[in-house]
Amino acid sequence: AGSSADLVVEVHGSTQESCCLNCAERLPIEEALAEVEAGNSSPCCSCGGLLKANVVLFGEALPPMAMPLAMEAARSCDLILCVGSTLSVYPVASIVPEAKECGAKLVILNKGQTDYDELADLRLEGSIS
């Protein structure tokens, strides 16, 4: 959206890179996908560890600095735009009331209700695809 990559907090990781489950090395996702396309169903890092998309899966911890950075951004933003989320999974959902308490406007675009519809300055019902 024109924002500097340095300002983006990828709280749940990124599908643009893979991460080694052994040494935590990050590689472009294309490298892991190329291994799969070449017939290797278990792509590995140079250390021998398995690679997975660098995203947080259910039950995994968020990156240590993700929430502090996201909360700092929430406290200083003018607008928070929530797209395609029920806003019911914590701790990330707590960003919404934090931003509102600090004066941000809230716009929600979602198919179905969210846990913070009552806080929204504008609520748009619909699919994001």
Side-chain angles (χ1 to χ4, degrees):
S3 296
S4 167
D6 295 340
L7 298 176
V8 176
V9 180
E10 294 178 327
V11 176
H12 289 111
S14 170
T15 59
Q16 300 302 306
E17 58 187 17
S18 61
C19 180
C20 176
L21 296 176
N22 187 42
C23 72
E25 180 180 2
R26 293 180 182 179
L27 301 167
I29 194 69
E30 292 81 14
E31 291 183 28
L33 293 175
E35 283 197 43
V36 172
E37 289 171 2
N40 180 0
S41 62
S42 300
C44 294
C45 176
S46 58
C47 77
L50 289 174
L51 295 174
K52 75 167 190 82
N54 190 26
V55 295
V56 176
L57 302 175
F58 187 78
E60 292 181 333
L62 297 175
M65 289 306 299
M67 281 306 297
L69 290 171
M71 291 302 262
E72 180 181 330
R75 290 182 194 106
S76 63
C77 73
D78 297 317
L79 171 73
I80 185 162
L81 177 62
C82 300
V83 180
S85 173
T86 61
L87 301 174
S88 61
V89 179
Y90 289 82
V92 177
S94 65
I95 293 168
V96 173
E98 186 71 24
K100 284 295 291 181
E101 288 173 18
C102 292
K105 298 291 184 190
L106 170 61
V107 176
I108 297 173
L109 168 57
N110 197 52
K111 187 174 184 179
Q113 294 181 324
T114 79
D115 286 359
Y116 290 114
D117 285 351
E118 73 281 355
L119 295 181
D121 295 284
L122 176 63
R123 167 117 179 33
L124 303 169
E125 173 72 26
S127 173
I128 64 168
S129 57

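Start at 1 with the first residue, then count along the sequence.
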Treat each ILVMFWY residue as a node, draw an edge where side-chain heavy atoms are under 4.5 Å apart, and state whether [X] and [Y] are in one component.
X	Y	answer
V83	Y116	no
L21	V56	no
L119	Y90	yes
V89	V96	no

pair [X]-[Y]: side-chain heavy atoms closer than 4.5 Å:
X	Y	answer
P28	S18	no
L79	C77	no
P63	E10	no
I108	L122	no
L62	P91	yes
D121	V107	no
I128	L109	yes
T15	I29	no

So which atom in [X] and which in [Y] form the shortest heavy-atom distance, rounded to 0.1 Å?
X	Y	result
S88	A93	N-CB, 4.2 Å
C45	C20	CB-SG, 3.5 Å
A66	V9	O-CG1, 3.5 Å

**Request:** Give a yes or no on whether the backbone of S41 and the side-chain of E35 come within a donor-acceptor separation of less than 3.5 Å.
**Result:**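 Pair absent, no side-chain N/O of E35 close to backbone of S41.
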Could you grab the distance from atom [atom1] of [X] to atom [atom2] of [Y], nearest 0.5 Å is fine?
X	Y	atom1	atom2	value
M67	E72	CE	CD	12.5 Å
C19	E25	SG	CD	9.0 Å
K105	D78	NZ	CG	10.5 Å
E30	Q16	CD	CD	6.5 Å
N110	C82	CG	SG	9.5 Å
L51	E31	CG	CD	8.5 Å

Under the side-chain hydrogen bond (donor to acceptor under 3.5 Å, both in side chains) rule, collect the residues that match up with [X], sequence neighbours excluded.
X	value
N54	E17
T114	D117
S94	none

**Prompt:** Between K100 and E98, is the closest basic N to carboxylate O distance under 4.0 Å?
**Reply:**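 Salt bridge flag = no for K100 with E98.
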**Item:** Atom CZ of R26: over 12 foreign heavy atoms under 6.0 Å
**Value:**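 12 or below, so no.
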**Message:** Run H12 and V92 through side chain to side chain contact (heavy atoms under 4.5 Å, CB included) and show every step you take.
**Reply:** CA-CA 9 Å; H12 289 111; V92 177; 3.5 Å; yes
